[in-house]
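In what follows, a structure is listed as structure tokens, so that the remarks can point back to it.
Residue numbers start from 1 in every chain, and the chains themselves are labelled A, B, ... in the order their sequence lines are given, proteins ahead of strands. When reading the values below, keep in mind they use all heavy atoms of this one structure, side chains included, and skip hydrogens, waters and symmetry mates.
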2 protein chains.
Amino acid sequence: MPHRNSGHHPPVISLTAAQESPVYGHGMQSRRPASRTGRPRSATADAAILAATREALVELGWSKLTLGDVATRAGVAKTTLYRRWAGKNELVVDAVAELFDELELPDSGSLAADIEGVVLQFAAILARPEAKSGLMAVVAESTREDALRSRVRASIVDRQKRLVVEGRARAQARGELPAEPDPSTAARTVDLIFDMVAGAVVHRTLVSGEPVDEEWVRGFTAVLLRGLAAEAGRTAAG
Amino acid sequence: MPHRNSGHHPPVISLTAAQESPVYGHGMQSRRPASRTGRPRSATADAAILAATREALVELGWSKLTLGDVATRAGVAKTTLYRRWAGKNELVVDAVAELFDELELPDSGSLAADIEGVVLQFAAILARPEAKSGLMAVVAESTREDALRSRVRASIVDRQKRLVVEGRARAQARGELPAEPDPSTAARTVDLIFDMVAGAVVHRTLVSGEPVDEEWVRGFTAVLLRGLAAEAGRTAAG
DNA sequence: GGCATTACGCTACGACTCGTAGCGAAAGCT
DNA sequence: AGCTTTCGCTACGAGTCGTAGCGTAATGCC
């Protein structure tokens with residue numbers, strides 16, 4: 001249970017102040033004076049709303065999910081929902097992001113076992129219906145809205161990518177992967193690995209609709225590792 | 001210009017009859033007696049509707065796209081739209097599927113060049129805003145509806161996968177990839193390659209939001225090919 | 001304690017979209 | 001001709017959206 005998040009899923013303005021960002025509202029109220037005085041927002045309402053959102057995602061899916069329905073399920077007024085989230089997109093991002101809290105990098109001693117462990121965890125999350133219907137929908141919407149894209153990146157994507165960074169560092173320390181001294185090259189390699197791993201698992205689960213079982217993971221890891229083994233200093237090859 | 005499609009994008013019941021499938025309607029009219037007599041459906045209306053759908057996808061995105069708006073753009077009545085498509089999902093699938101018509105397998109003589117060519121084509125399609133906003137949205141919806149899933153698979157996914165099958169066969173003929181006599185193992189390998197290639201490109205483009213340029217493609221292809229080179233008969237390795 | 005400030009639940013509202021029904025006219029086939 | 005199906009159009013009830021307004025509840029500051 002390492003690295004506790006410093007306030008991700010508390011949805012919008014996590015009472016911690018220290019940010020005057022435009023993250024808050026829909027654009028309705030202009031200023032946000034750090035929220036010092038007044039009645040604080042109910043934290044239990046947040047949890048109830050996000051849980052209700054996931055429940056509605058399972059039962060209704062993305063397109064038929066309505067904020068009024070979520071409010072009823074959560075036992076709060078619809079207006080409360082609109083005070084905290086700008087709309088359906090932002091709400092679902094936060095609701096889905098909580099699913100990825102359990103994602104952890106195992107320390108199994110070998111890079112292959114690490115990858116297989118992470119991939120199986122990732123696949124288990126993606127197999128849940130609330131993740132299936134919610135995740136790709138917000139990704140699709142985020143291609144049109146920069147604010148939503150940033151939110152998805154901060155809440156979901158970057159947390160996954162960190163596992164790649166850490167796992168790669170461990171593997172390099174063990175000598176299983178070649179070191180890359182140039183930080184720019186290293187960043188590109190991390191991006192490539194991340195897109196290959198996450199992309200393959202997501203595509204297998206959501207597009208192909210096939211399960212990510214141990215047999216598939218073994219085959220995938222074998223191909224990936226063989227491809228990465230001697231992957232130093234050849235980006236300029238032609 | 002090989003393999004001309006035998007009628008994909010003509011949206012629903014391509015006048016070719018020869019199918020009594022449940023593909024047609026919303027479930028409103030029960031039977032479809034092969035549509036022999038009567039006024040035929042306007043083919044130009046189909047093209048106009050699908051083009052209008054892509055236009056609306058670019059300007060409005062998935063969630064704000066309405067069928068009434070598409071009908072107005074296409075110059076047809078809203079009722080005409082509902083006579084041909086069951087809803088927004090089916091319409092967008094057909095509109096997006098047409099984007100992938102141009103996808104072709106180059107015959108460049110080496111597997112690496114073939115992969116790089118296909119990936120760049122695929123990435124160019126995904127870079128278009130109508131593909132970005134539409135494709136992932138219908139994939140998300142298809143996780144809840146089997147009928148929609150079949151439609152996505154038939155119209156989009158299987159056409160992509162065929163490129164993998166053909167490219168792999170050519171590479172095996174050249175000796176660049178090991179042969180796999182067992183058809184079951186071969187099918188699993190094709191699925192793995194497909195999910196790795198398509199998944200990485202999709203993830204890079206839509207989730208990471210980074211461009212698939214030649215540099216990235218070279219790096220990706222290098223890793224993939226090295227991983228596949230000696231990939232015969234080791235699925236049972238432990 | 002009192003006061004200012006903010007969040008809450010509730011109701012109500014206009015605007016919009018949905019999907020369908022019904023009509024008369026148009027465009028094919030035999 | 002006659003038959004059949006599609007087309008454009010209008011209209012409709014149902015449902016959702018996002019906001020406004022109100023009175024009340026819960027905090028911090030003096």
- Message: Check this for me, if you would: do Glu215(A) and Arg188(B) make a salt bridge, where the nitrogen-to-carboxylate-oxygen distance has to be below 4.0 angstrom?
- Response: yes
- Message: Run Val96(B) and Glu130(B) through side-chain contact (heavy atoms from CB on, under 4.5 Å) and show every step you take.
- Response: CA-CA 7 Å; Val96(B) 172; Glu130(B) 60 268 41; over 6 Å; no
- Task: Return the value, rounded to whole Å, for the distance between atom CG of Leu91(A) and atom P of dG18(D).
- Result: 12 Å
- Item | Atom pair distance, as rounded to whole Å: NZ in Lys64(B) and C1' in dC16(C) | 13 Å
- Rounded distance (Å) that lies between atom P of dT6(D) and atom CD1 of Ile49(B): 13 Å
- Item | Of the listed nucleotides dG9(C), dT27(D), dT20(C), the one nearest the side chain of Lys78(B) | dT20(C)
- Query: Does a salt bridge link Glu55(A) with Arg73(A), judged by any charged N lying under 4.0 Å from a carboxylate O?
  - Reply: yes
- Task: Please state how far atom CG in Leu81(B) lies from atom P in dG19(C), giving the value in whole angstrom units.
- Result: 11 Å
- Taking the inter-plane angle between the rings of Phe100(A) and Phe122(A) on a 0 to 90° scale, is it parallel (under 30°), tilted (30 to 60°) or perpendicular (over 60°)? tilted
- Message: I want to confirm an ordering. Mapping Thr66(B) and Ser42(A) to their closest nucleotides on DNA chain C, which one lands closer to the 5' end?
- Response: Ser42(A)
- Task: Please check the phosphate of dT6(D) (OP1 and OP2 only) for any side-chain N or O of Arg41(B) closer than 4.0 Å.
- Result: yes
- Item | d(CZ, Arg83(B); C1', dC9(D)) in whole Å | 10 Å
- Note on the structure: Side-chain atoms of Arg39(B) come closest, of dG8(D), dC17(D), dT5(D), to dT5(D)
- Between dC9(D), dG28(C), dA26(D), spot the one nearest the side chain of Thr79(B), thanks. dC9(D)
- For dA4(C), take OP1 and OP2 only and decide whether either is under 4.0 Å from a side-chain N or O of Thr37(A). no
- Would you kindly compare Asp69(B) and Gly38(B) by the position of their nearest DNA chain C nucleotide and give the one closer to the 5′ end? Asp69(B)
- Message: Looking at Arg54(A) and Glu98(A), is any side-chain nitrogen of the basic one under 4.0 Å from a carboxylate oxygen of the acidic one?
- Response: yes
- Nearest-Å distance for atom pair OH/C1', residues Tyr82(A) and dC10(C): 16 Å
- Please give, in whole Å, the distance from dA7(C) C1' to Asp46(A) CG? 12 Å
